[in-house]
Amino acid sequence: MSELNQAQQAAAEAGNGPQLILAGAGSGKTRTIVHRIGHLIAARGVAPHRILAVTFTNKAAAELKSRLSQLIGDDGGGVVSGTFHSISLRMLRRYADALGFPRTFQVIDADDQKALVKRLLKQANIATDRLHPSYLLGWIEHCKHAGQTPESAPACHWNGTDVRALYATYQQQLREHERMDFSDLILNCVLLMREHPGVSEALRRRFDHVLVDEYQDTNPVQHEWLTLMCADHHNLTVVGDDDQSIYGWRGADVRHILDFERIWSGASVHRLEENYRSSGAILNLANAIIKKNEDRHDKCLRATREYGSLPQWNICNDEYDEARKITAELINWRSAGYAWHEMAVLYRSNRQSLALEQVLREAALPYRIVGGVGFFERLEIKDALAYWALLNRCGDTLQLLRICNKPKRGIGNKGEEQLAAQLAASGLRASDWLDLLAEGKATGAAGKLAPLAKLISSLRQDVDQIPDRGLMQLLQASGYLDSLQSMGELEAATRIDNIRTLQSYIELTMEQELTPVEFMDRAALLQSSEEMQQDNDDTITLMSLHRAKGLEFDCVVLPGVEEGLLPHQRSLDDGEAGIAEERRLLYVGITRARRQLKLTTARVRRLFGEMHYPQPSRFIRDLPADILQPDTPVMPQTTAIPAAGGVQIGSNVLHPSFGEGVILASEGTGDATRITVQFRKSGLKRLMLKYAALQIV
DNA sequence: GCGGACTCTCTTTTT
DNA sequence: GAGAGTCCGC
């Protein structure tokens, strides 16, 4: 406890009942949670397995456990930790039958989920221009985040279609496929507790203390989950920072943390406001940015470190110029003695990594991209896992259909339909149905699977003896690996490489004596391979701002601090709330940095083939000038155009027929002034200023 | 059923 | 500017 400051110690040693720990960025939040758990075990005699710690990522859960082991030894291992999703899945594995699901149900991933919705709309004869699949899915997700089932959701009609009825159909089809989506994991767990008193009691009695990290990002259904779990003892400790709430789009509601004291009567509040991470200059910038948000717990992070060097802000010509300036800065930092792995580039959208990657590769700097397409979402990994699951008797219909024609077995669309019908008629699980097919008596499309079925049943004989449980043998002998060759040599090699990574991960997991079903769970919840690798390499990290939450680096670059990107165009539709969340996102980015910080803005950015001419972010324009160190030209370029009252380069203008645009250049003087304007819809135009009838916006 | 060529759409963030 | 979806001839 001597490692803690007064506020941290008070939080760690607080008694029973609801506890709110408001922990500003870099204020030693994880340390405080770890010490609180340690205190519960060592000083208060709580059994480790009676403590539940909910974290935001699987990685954070692992981190928590390892720090706990350091603090109190092996006992730390007994604490149950995980994300809401992984803990819910564990509970559902045990009690799913109460909801009418077999215990071997699987989790459906985003791709398959989308495919299911598309198919469902097609079956219902609803054109995508009448009801867009992503709108339907978005609505369903919204309901699930709010804890609403098809029965309890509000009626919703869209262009004459009953959206709520489609929600019911979607749930029905998931059930037929014995699948749950991500949101179902939480919602179904809540339904268990709502509707099944026996199960509810067992779950309520499972833990004596519940601790939740990143509490500002909980949504209503997660809130209900916690309320139900802690209904008897109220021993709920939540840790979070309302200024870092960045998952509103996922249903997170800041009010859970803002109103905690009102929701949980008798709650104690602890404030951690001393920042141990960032230099004073970086913290000043962060505080100045976040101060402009309303509706927040008022607080001010106090610096404990030296003032340090001013954060920089650079304006770049385009995204490649930006990438080059960033690269130069990274090299600069390196020569100042920082290691590559202490540097990160954190962007708003994953697409921004493209130009950076190119330039970093040319400059031969070591980097790794975190995120993007997740490892387990890759086509070849999903195929390989489908084969493996079928072999190991936990594969389902979706997985059989997925691989039935890979490699080509002469089963097309019609054949696939036929196969699905035959399988449904058999009343068997896909994995078990293969036994029947192996006898070779099936006809039609199913008959074409006989060789595969025979191969699988012969491999099943001694699958327990093989470290990878038959993965490579099956992929080889079925011709799947060979079929990858048709994608070209290089492509195939990469994919086979990925499959080998999967193989070693399976082998590793099997050594820990996990069952195949448990392995599939892990694969479903681990969004990337990141958590299966050690990150010991000395590389620069590239990732999205969202993923960077909870991490810290000596040196941080935030590229694309522009209108349209940060705040993102899509967030503008949500008005003030959307802007506030974007501001918090920038705040999260800034507070990741310990020593060095650089923000960049591009004048031109190519987004999906089109040119964009963004203005510097409004967040930068908000700042006092002495808090950032701009490189040459200060602030947005304000070259006045002679004789044109108020019209300046960079001004946003409105033209009666061309619409909105930005002034890029001007030539000539007086009545002869010509300006070049980039219009959003109508492209680049040169206009006589005198006649253009431009309105400045 | 397959493969090639074509068109069209969709571009935020993730457990 | 890429990926998915569609059409068409074999």
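Computed over heavy atoms, backbone and side chain alike; hydrogens, waters and symmetry mates excluded. Chain identifiers are assigned alphabetically (A, B, ...) following the order of the sequence lines, protein sequences preceding nucleic acid strands; residue numbering begins at 1 within each chain.
Contacts of A:Gln222 classified as side-chain hydrogen bond (donor to acceptor under 3.5 Å, both in side chains), with partners at least two apart in sequence or in another chain: none. Take A:Asn293 and apply the side chain to side chain contact (heavy atoms under 4.5 Å, CB included) test, not counting sequence neighbours, and it matches A:Ile290, A:Arg296, A:Ala580, A:Arg583, A:Arg584. For A:Arg93, the salt bridge (Lys or Arg N to Asp or Glu O under 4.0 Å) partners are A:Asp521, not counting sequence neighbours. Considering only residues two or more places apart in sequence or on other chains, A:Arg255 meets the side-chain hydrogen bond (donor to acceptor under 3.5 Å, both in side chains) condition with A:Asp253. In terms of the side chain to side chain contact (heavy atoms under 4.5 Å, CB included) criterion, residue partners of A:Asp321 (sequence neighbours excluded) are, by chain and number, A:Cys316, A:Asn317, A:Asp318, A:Arg324, A:Lys325. Shown here are the side chain to side chain contact (heavy atoms under 4.5 Å, CB included) partners of A:Ala25, two or more places apart in sequence or in another chain: A:Gln244, A:Arg277, A:Leu301, A:Tyr587, A:Thr591, A:Arg592.
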Mind listing the side-chain donor-acceptor pairs of residues 560-567 of chain A below 3.5 Å, one per line with the distance, residues two or more places apart or on another chain?
{"residue": "A:Glu562", "atom": "OE1", "partner": "A:Arg605", "partner atom": "NE", "Å": "2.9"}
{"residue": "A:Glu562", "atom": "OE2", "partner": "A:Ala602", "partner atom": "N", "Å": "2.7"}
{"residue": "A:Glu562", "atom": "OE2", "partner": "A:Arg605", "partner atom": "NE", "Å": "3.2"}
{"residue": "A:Glu562", "atom": "OE2", "partner": "A:Arg605", "partner atom": "NH2", "Å": "2.6"}
{"residue": "A:Glu563", "atom": "OE1", "partner": "A:Arg618", "partner atom": "NE", "Å": "3.2"}
{"residue": "A:Glu563", "atom": "OE1", "partner": "A:Arg618", "partner atom": "NH2", "Å": "2.7"}
{"residue": "A:Glu563", "atom": "OE2", "partner": "A:Arg618", "partner atom": "N", "Å": "2.7"}
{"residue": "A:Glu563", "atom": "OE2", "partner": "A:Arg618", "partner atom": "NE", "Å": "3.0"}

Please tabulate, one pair per line, all N/O donor-acceptor pairs under 3.5 Å involving side-chain atoms of residues 411-421 of chain A, not counting sequence neighbours.
none

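A salt bridge is absent between A:Glu380 and A:Lys406; no separation between the charged side-chain nitrogens and carboxylate oxygens falls under 4.0 Å.
To the nearest angstrom, C1' of B:dT14 lies 14 Å from CG of A:Leu185. We find that CG of A:Leu137 is positioned 17 Å from P of B:dT14, with the value rounded to whole Å. If you take CG of A:Asn219 and P of B:dT15, they are 14 Å apart, rounded to a whole angstrom. The CD atom of A:Glu377 sits 11 Å away from the C1' atom of B:dT15 (whole-angstrom rounding). Between A:Phe182 atom CZ and B:dT14 atom P the separation is 13 Å, expressed in whole Å. Atom CG of A:Asp111 and atom P of B:dT14 are 14 Å apart (whole Å). The distance between atom CZ of A:Arg547 and atom P of B:dT13, rounded to the nearest whole Å, is 10 Å.
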Extract from the structure each pairing of a protein N or O with an N or O of nucleotides 4-11 of chain B at less than 3.5 Å, listing the distance.
{"residue": "B:dC10", "atom": "OP1", "partner": "A:His132", "partner atom": "ND1", "Å": "3.4"}

Grab the N/O contacts between the protein and nucleotides 2-6 of chain C below 3.5 Å, and write none if there aren't any.
{"residue": "C:dG5", "atom": "OP1", "partner": "A:Lys118", "partner atom": "NZ", "Å": "3.2"}

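Residue contacts for A:Phe84: at a heavy-atom cut-off of 4.0 Å it reaches no nucleic acid atom on any strand shown.
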- prompt: Using Watson-Crick and G-U wobble pairs whose two distances are both under 3.5 Å, how do you write the pairing of DNA chain B as dot-bracket, with | for links to another strand?
  reply: ||||||||||.....

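Taken residue by residue, residues 405-423 of chain A places heavy atoms nearer than 4.0 Å to DNA chain B at A:Asn405, A:Lys408, A:Gly410, A:Ile411, A:Gly412, A:Asn413, A:Lys414, A:Gly415.
Under the 6.0 Å cut-off for aromatic ring centres, A:His568 and A:Trp249 do not qualify, their centroids lying 6.0 Å or more apart.
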